[in-house]
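Below is one structure; the comments refer to it alone.
Every chain is numbered from 1 and lettered A, B, ... according to where its sequence line falls, protein lines coming before strand lines.
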Amino acid sequence: MNTKQHITLSLTVSLTAALLSCGPAQHKTSSQRSAGIGPGGTGDAASQTNAGVSSSTAAAAAAAAAAADQARALALTGCYKDYPAAQGGLRSLSNDQIANVLTDITGVDLSTILAGLPRREQGTKFPNAALAGPLASSFIDKWADTAFSVAAALAADTGFIQRFGGNCVDAANPACVQRVIKRLGTLLWRRPVDPSTAAQLADLFKNPNVSGAPAFALGVRQMLEVALLDAHFLYRIEAVRDPATVIQPLDTFEVASRLSFFIWQSAPDLPLLMKASSGELADPAMIAQEVDRLLLDPRAERGFRQFAFDWLALGKLDALKLPAATAGTKPVSFDAPALREQAFSFLTANLLRSSGSVQKAFSSSVPNQDPSLVGLLALPGVIGGLSVADVTNPVKRGLFVNVRLLCHDVPPPPPGAGAFKAETLALDVTPRERLDKHLTNPSCATCHTTVDAIGLSLESLDAVGALRSQYSSRKNIDASGVLTFDGQAQPFKVTAEMLKILGQSKDVQTCLASTLAEFAWGAPPGTANTCELSSLPQPGAATNVNSWSGMVRALANTPTFLQRINDGVKP
Amino acid sequence: MSHDAKRPSRRAFLRGAGNALIALPTAQFCLGRSGFGDVLAAPGDPTAPMGQRLITFYFPNGCQGEEWNYGSVLTPLADMKDKLVVFNGIDNPLTPASGRDPHEQGAAALFTGALLKSGNHGTGISIDQWLSRRIDMGTTLQKPLVAGVWRGYAGGEFRSPTWFTRSWLEDGSIVTPTIMPQDIFKLLFGAGQNQAQQTQEMLRQKSILDRVLAQHSSLLGSASPLPASHKLLLQDYTDRLRDVEVRVTKFAMASAQTCALPANPAAFKFDGGGLLDYGDFDEVFHLQMDLLVLALQCGVTNTGSLMFCCAGEEYQNPDVSGASDHGTSHYSDEGGHQVYLAYRKYHMTNLRYLLDKLKAANLLDSTVVIAGSEFGDGRSHQVDPQPHLIAGGGGTLKVGQVFDGGNKVTNCDIYRTVLSGLGYQMDSFGNKSFNTGLIKQILA
């Protein structure tokens with residue numbers, strides 16, 4: 001997918017500055033020493049990433065939010081019983097996450113090498129999801145090859161060696177070797193390198209046939225190869241500390257990873273790892289504070305785009321094939337990447353940014369669109385992905401709204417159900433006439449009554465979302481209907497009216513909260529999560545609470561986010 | 001990606017190199033691999049017990065029974081009919097009640113004779129993997145070369161791997177086809193450096209992998225802090241890394257001997273979505289076929305799986321038609337029918353290319369090529385009769401005939417009969433209840 005963004009130079013610099021300032025001679029507290037990472041300029045690194053935000057306002061808001069979150073977390077301890085095992089399953093980094101982690105840590109452009117990783121099926125909607133099964137052997141073959149190439153490229157990059165070695169680049173000097181192993185190892189494995197492993201990795205710097213700078217670079221290369229191929233890089237490993245207990249609290253390093261992969265789709269940065277190392281991350285108030293810091297970082301937008309891409313299936317737009325102008329219709333200009341970018345900007349402005357909210361995402365007017373059409377569903381980048389040709393597919397649209405925006409369970413069609421092939425049917429029959437068949441067959445009608453009604457309500461939008469009043473057959477479009485939102489039947493006459501009702505409904509807001517919970521937890525919420533979900537900001541709450549950051553902050557302090565299930569014990 | 005001027009030169013490498021290799025006396029050419037356990041007898045000697053090779057070849061969207069003949073879809077193969085067995089009336093014993101899409105289900109049963117379980121699992125091993133277990137132990141790769149071109153888009157959806165898998169393991173888990181020629185090349189032949197460098201680099205990589213494996217053994221040992229489900233998945237990752245380690249070790253050992261390697265192919269790129277562009281399918285697939293034949297020649301493996309497209313793929317090739325392969329398989333008029341036939345013939349032209357390459361390498365008679373697709377009639381997606389043909393025959397099958405199974409013989413029977421010809425007797429292959437017996441008429 002295309003959400004990968006360049007990390008701003010300032011970020012790389014702030015991370016690098018922190019790394020460079022932690023020289024071997026510096027004093028460290030015992031806990032920081034155990035993590036192998038120094039305290040150098042922590043405050044600086046954190047505040048530099050908050051560029052453009054008044055630090056006193058941010059601090060006050062963070063403190064208030066932290067207090068609220070702590071209260072909520074306390075209230076939640078009583079409501080939590082059990083949660084689906086999938087939420088504690090093993091996760092592997094997605095290809096995008098691999099690229100994010102390596103770019104963020106190294107500051108080196110490795111995109112050419114990483115573009116060769118074959119696409120994997122995610123299994124579920126979101127990349128944080130637990131693995132359904134082992135990774136394909138063809139992927140692992142290529143991953144091994146990629147790890148060797150990445151290590152070679154980094155070791156050949158003098159800037160990279162300089163950043164991580166500083167002026168201590170002597171392969172014969174154990175202090176230099178230990179320092180680079182701890183720095184790189186801690187960042188790549190998202191936790192401290194234990195002393196015995198560090199000692200073994202130091203062997204990789206002993207190469208009799210080379211000396212001087214090349215010896216150090218070769219050592220770094222080999223150490224990187226081991227670090228990348230070790231399961232601690234490719235997988236997000238969360239240990240079981242008490243084999244007899246089902247519910248296991250995460251340690252602070254595991255919490256740090258959950259936070260950074262949730263908000264950034266990447267590894268924890270140095271300040272976050274130091275909060276983990278000092279144990280401060282065990283405190284809900286500190287978690288809330290770090291959530292706010294992570295949200296203010298430009299990397300948060302990258303994480304948000306990943307969420308939007310997967311939630312709204314923005315990749316489907318690439319499958320839309322519009323033939324050149326067919327007889328009787330206007331030629332449609334269609335540029336999938338531009339439409340997707342437009343969808344991202346709309347969602348960033350109306351949902352991610354502090355001025356945005358869930359309500360706004362569903363009720364703001366859409367750029368370059370008829371002003372009567374409001375909300376994200378009217379974005380050509382979203383609605384266009386639900387067509388495969390220049391004809392609309394109301395069933396697909398209805399399913400999308402039902403499943404993705406309203407979180408309704410729609411079972412798959414029964415065996416032998418025929419397929420509705422919009423693109424192959426006669427044009428003089430309207431979709432409404434065609435879909436009436438569903439309603440006369442009881443086994444179809446169960447699901448299709450709602451699915452089709454929503455799909456048909458969107459018929460005034462053509463295949464790429466442009467407003468229309470007639471089909472190419474010159475028949476008038478009838479998008480009217482009655483739909484139930486928030487438990488009330490609501491009639492409407494035209495598509496714009498339906499979009500407005502949808503935008504005001506509490507159902508879409510509740511569904512988005514639950515979808516974001518799936519993104520955060522790595523598995524869809526189950527009935528056991530009802531209590532936690534009800535603790536999230538509710539529809540109609542004040543804008544600053546019912547916002548992207550409000551929801552993220554609340555989710556980051558839920559028990560499911562901070563604990564894992566030990567599936568070795570049956571409750 | 002549009003067709004560009006560089007295209008022929010990208011291709012030229014293997015075409016040229018392949019031909020140069022073939023000009024060598026094959027026995028001398030393959031001699032160097034004797035260090036691998038001498039699995040490769042002299043090519044072209046069908047009586048040599050270890051000279052067994054097998055390739056499965058998949059094409060998408062089926063073919064109607066009445067078009068599966070030399071007068072129609074099989075025209076590109078007509079002058080090779082003495083090397084082929086064409087099967088008509090093959091029952092693919094699937095029931096629509098299995099609740100899966102006929103594309104997905106039919107393709108999963110092809111080469112396995114087994115049905116999909118829930119999720120991303122088949123129920124049995126595919127014939128390429130089955131035979132590989134028995135004849136590839138001594139080879140560098142130790143498994144089939146599983147290659148193919150796919151985007152995974154069918155009906156506008158990015159599908160699950162069951163749609164783009166033609167090679168399955170015992171437990172029904174998937175082996176996704178590798179796409180990029182440059183990756184396949186590395187897999188088969190290593191980095192393609194000079195021999196001394198390659199030996200040194202492979203030994204270095206082996207020592208790195210050994211370290212990782214040692215680290216994992218403590219992670220996965222009895223004192224492991226991991227829950228059982230994590231251990232299982234990480235154990236699998238570790239096993240796969242061990243396969244890589246075994247492979248690089250073999251490269252290091254072997255590189256003193258020479259297989260006269262061709263140059264590394266030029267690199268192809270995935271598009272922004274991490275997938276191969278349809279415009280590259282034709283070229284990449286031909287390179288994959290070239291590489292597979294080279295792998296067989298060098299004894300790097302004795303088995304292969306080739307897949308052109310995901311089941312139901314919306315593949316489009318402007319040289320064939322402006323419409324898509326899957327789209328026109330639902331044709332409703334004569335125009336659509338002609339496009340449908342043109343795509344079927346295109347796939348048979350690709351198969352013809354593979355057979356010609358095998359023939360030129362003197363390998364055709366000692367290789368069994370099984371070609372097929374997911375179902376019979378694309379219009380209704382009816383699974384019967386499932387199109388199959390066998391080429392080459394490995395010297396143990398009676399080629400040069402058309403066999404009509406009268407919708408009583410199943411695809412399981414074909415696979416069992418092929419293996420029986422190669423000397424492996426068993427009561428059934430795939431799902432037991434779908435086996436009706438050996439097809440004695442095609443056994444030599």
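Closest non-hydrogen pair, A:Ser138 versus B:Thr176, comes out as OG-O, 3.0 Å.
Qualifying salt bridge (Lys or Arg N to Asp or Glu O under 4.0 Å) partners for B:Asp183, counting only residues two or more places apart in sequence or in other chains: A:Lys142. The side-chain contact (heavy atoms from CB on, under 4.5 Å) test applied to A:Thr197 returns A:Trp189, A:Val193, A:Asp194, A:Leu201, B:Gln215, not counting sequence neighbours.
Atom OH of B:Tyr237 and atom CG of A:Leu90 lie 11.5 Å apart (nearest 0.5 Å). The structure places CG of B:Leu141 at 8.0 Å from CG of A:Asp141, a figure rounded to the nearest 0.5 Å. Atoms CG and CG, from B:Leu234 and A:Leu131 in turn, are 9.0 Å apart once rounded to the nearest 0.5 Å.
Proximity of A:Leu204 to B:Arg211: side-chain heavy atoms (C-beta onward) are separated by under 4.5 Å at one or more points. Counting heavy atoms from C-beta outward, B:Leu219 and A:His232 have side chains that approach closer than 4.5 Å. Within the 4.5 Å cutoff, the side chain of A:Arg564 has heavy atoms near those of the B:Pro227 side chain.
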Step by step, work out the salt bridge (charged side-chain N to carboxylate O under 4.0 Å, His left out) result for A:Arg221 and B:Glu201. CA-CA 13 Å; A:Arg221 175 178 170 187; B:Glu201 174 60 13; 3.7 Å; yes
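Contact annotation for A:Ala115: only backbone heavy atoms (N, CA, C, O) come within less than 4.5 Å of a heavy atom of chain B. No part of B:Leu169 comes within reach of chain A, as not one of its non-hydrogen atoms sits under 4.5 angstrom from that chain. Using a 4.5 Å cut-off between heavy atoms, B:Ile208 contacts chain A through both its backbone and its side chain. Residue B:Lys231 does not touch chain A at all, counting heavy-atom pairs closer than 4.5 Å.
Comparing A:Thr112, A:Asp203, A:Leu386, A:Asn95 by heavy-atom pairs within less than 4.5 Å of chain B, the highest count is held by A:Asp203. Looking only at heavy-atom pairs under 4.5 Å with chain B, the residue among A:Leu234, A:Leu229, A:Ile237 that has the most is A:Leu229. If you tally non-hydrogen atom pairs under 4.5 Å between each of B:Arg159, B:Arg247, B:Gln235 and chain A, the highest count goes to B:Arg247. When B:Arg151, B:Gln205, B:Arg240, B:Lys186 are compared by the number of non-hydrogen pairs under 4.5 Å with chain A, B:Gln205 comes out ahead.
Enclosure of atom CD in B:Gln200 is not indicated, since only 12 or fewer non-hydrogen atoms of other residues, nucleotides or ligands lie within 6.0 angstrom.
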